[in-house]
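These figures come from a predicted structure and were not determined experimentally. Counting convention: from 1, in listed order, for ligands and their atoms alike.
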Amino acid sequence: IPAEHIRNFSIIAHVDHGKSTLADSLQLTGTINKHHSHNQVLDKLTVERERGITIKAQTCSMFYKYNDKQYLLNLIDTPGHVDFNYEVSRSLAACQGTILLVDAAQGLQAQTVANFWLAYNQELSIIPVVNKIDLPAADTERVTKQIQSTFELDTANIALISAKTGLNVEKILPNVIEKIPHPTGDVNEPLKALLFDSWYDTYVGVVCLMAIVNGKLQKGDKIVSAYSGQKYEIADIGIMHPEQVPTGYLHAGQVGYVICNMKVATEAHIGDTFYHFKSPVDPLPGFEPAKPMVFAGIFPIDTNEFTKLDESIAKLTLNDASVSVQKETSIALGQGWRIGFLGTLHMDVFQQRLEEEYDANVIITQPTVPYKIIYRDGTSKLIRNPSEFPEPNEMSHKIVELHEPMSRRGEQSEYNYLDETRVIMRYSMPLAEIVTDFHDALKSRSSGYASFDYEDMGYQQSDIVKMNVLINKKPVDALSAILHRSQVSSVGKEWTKKLSEVIPKQLYEVVIQTAVGGKVVARETLVTQVI
Ligand code: GDP
Ligand code: MG
């Protein structure tokens, strides 16, 4: 199939606006094995299905006849949560266009706006589509107006569909063919391939999804990662239809799977460029190695389960290159791990998979963001664990400043009315605030109406301190936390109170204190009740 008859596109949407349902429904119009159609082929993991979110992007190819010509349409499914923004932007880099799907009852939400800008900045053709028009609460006119006024997209012939019932879904693929440009790679140029997704398969090892930007990639070829310099040999290559169908090669413009001798998922860096051994090319722009932003300690409840849990964590991380793992020892909780995640949802999903797929019973400590210490000699260090927080004497002698990571969406503190029923607010705020219960608090205070999205904004100087929890004057390492100084008093009181409720009464007096640098901020005493 010539490049003129290929389209590489994705669907972007706020969570639950119907991306997976539409992907399934499109596959019924494109040629696909029919028995896959009922269980959302693109959402593979059980947790993804249960939570209704897509964590790892999946892709599939469809053959479609239009005006008597055969087209190859590659649908690239993007991850559906704010923690995975970087992966969304890399999967978009494999496309020339995207369908912006909006729920007719909910209208524009935070991730609709965030994803629109990701696609817009990559200069993709954007086709807006209104979904769920079968719902009684659907207000297609209002939502169409929102799309038109917020994104300045042409909505004159906008498709109004129900991905669930299939109504008007047949209008979408012709639109994709007419409005999205074909890929413009040159098959005679040296190979340039973008790795935009990967997973671990027990039988064949790491499976990569690549978009061939230029050149041709064949079975047996030797390729090199522009990021690591590692060399690999192609063992199998083909398209996702929707399962792996070997073709022996992929040409410029095509998207498909590549199996080479990668041993672990961490070798497959999302956004990395590959070229033929001895024909290096300039890497594609925008690559960043995965950057965990939320760290928590994980410990087995039963210390006898350490070895089993160690194996489970190793297996689970084989499939997730964005998780970082380090061994950690706590005086109170014993041996465990300090694990880094992209965000809190990513952490919840990891914990859920550990418990459900590997039958693990774990304690997870309060998550923390990476703080930065700036030394007098100009060097700096990231700390991911309260136990690494500098001691008071080190603070006064060697350290100039403490910095904490900030997050934002767009410019600072902006109010922007999308229409009379919706407003976008943008703030810059410490990432640590989002890591706690921000998402739940936002949902409950707005009765479920507000949605949010965030992006990294770098570090900013901050007055942060380490708060210790002391039981009978002894610090409990696993319970210490890094906080902003202004929060010490309220969080300190809250924690001592909570602990006094959960610690069983003893035959002797138990003193629970929270303290910063030797200064006690709150105190509770458990006294034995002698009857
Ligand atoms: P995603 O998070 O964007 O992938 O959304 P899903 O495809 O998982 O859909 C979220 C929910 O909306 C599911 O319960 C779907 O059955 C439902 N849904 C999707 N499309 C439609 C539609 O056109 N009409 C109705 N009534 N429900 C839909
Ligand atoms: Mg989905």
Option of least heavy-atom distance to atom 11 (C) of ligand 1 (set: K164, H17, K132) = K132
Go through the steps for L173 and L73 under the test side-chain contact (heavy atoms from CB on, under 4.5 Å), then give the verdict.
-> CA-CA 9 Å; L173 292 181; L73 307 179; 3.8 Å; yes
Any N or O of A163 that comes nearer than 3.5 Å to an N or O of ligand 1?
-> yes
Inter- and intrachain pairs under ring-ring contact (aromatic ring centres under 6.0 Å, His included), touching residues 118-144, at least two apart = F116-Y120, W117-Y120
Gap between atom CG of D272 and atom CD of E288 - 0.5 Å precision | 13.0 Å
At under 4.0 Å between heavy atoms, what of S162 touches ligand 1? The answer is both
In terms of atom number and element, which parts of ligand 1 are under 4.0 angstrom from non-hydrogen atoms of D16?
-> 1 (P), 2 (O), 3 (O), 5 (O), 10 (C), 12 (O)
side-chain hydrogen bond (donor to acceptor under 3.5 Å, both in side chains) between E433 and Q487, worked out | CA-CA 11 Å; E433 295 295 327; Q487 297 169 317; 2.9 Å; yes
Can you list the ligand 1 atoms lying under 4.0 Å from a non-hydrogen atom of K19?
-> 1 (P), 3 (O), 4 (O), 5 (O), 7 (O)
Do E355 and Q351 get their side chains close enough for a donor-acceptor pair, meaning under 3.5 Å?
-> yes
T21 contact mode with ligand 1 (heavy-atom cut-off under 4.0 Å) = both
V294 and L342, any side-chain heavy atoms less than 4.5 Å apart | no
Say whether T165, considering both its backbone and side-chain N or O atoms, lies within less than 3.5 Å of an N or O atom on ligand 1.
-> no
Distance only, no hydrogens: is a donor on one side chain within 3.5 Å (strictly under) of an acceptor on the other, for S451 and Q109?
-> yes
With heavy atoms and a 4.0 Å threshold, my read on which part of L135 contacts ligand 1 is side chain
Does any N/O atom on G18 come nearer than 3.5 Å to any N/O atom on ligand 1?
-> yes
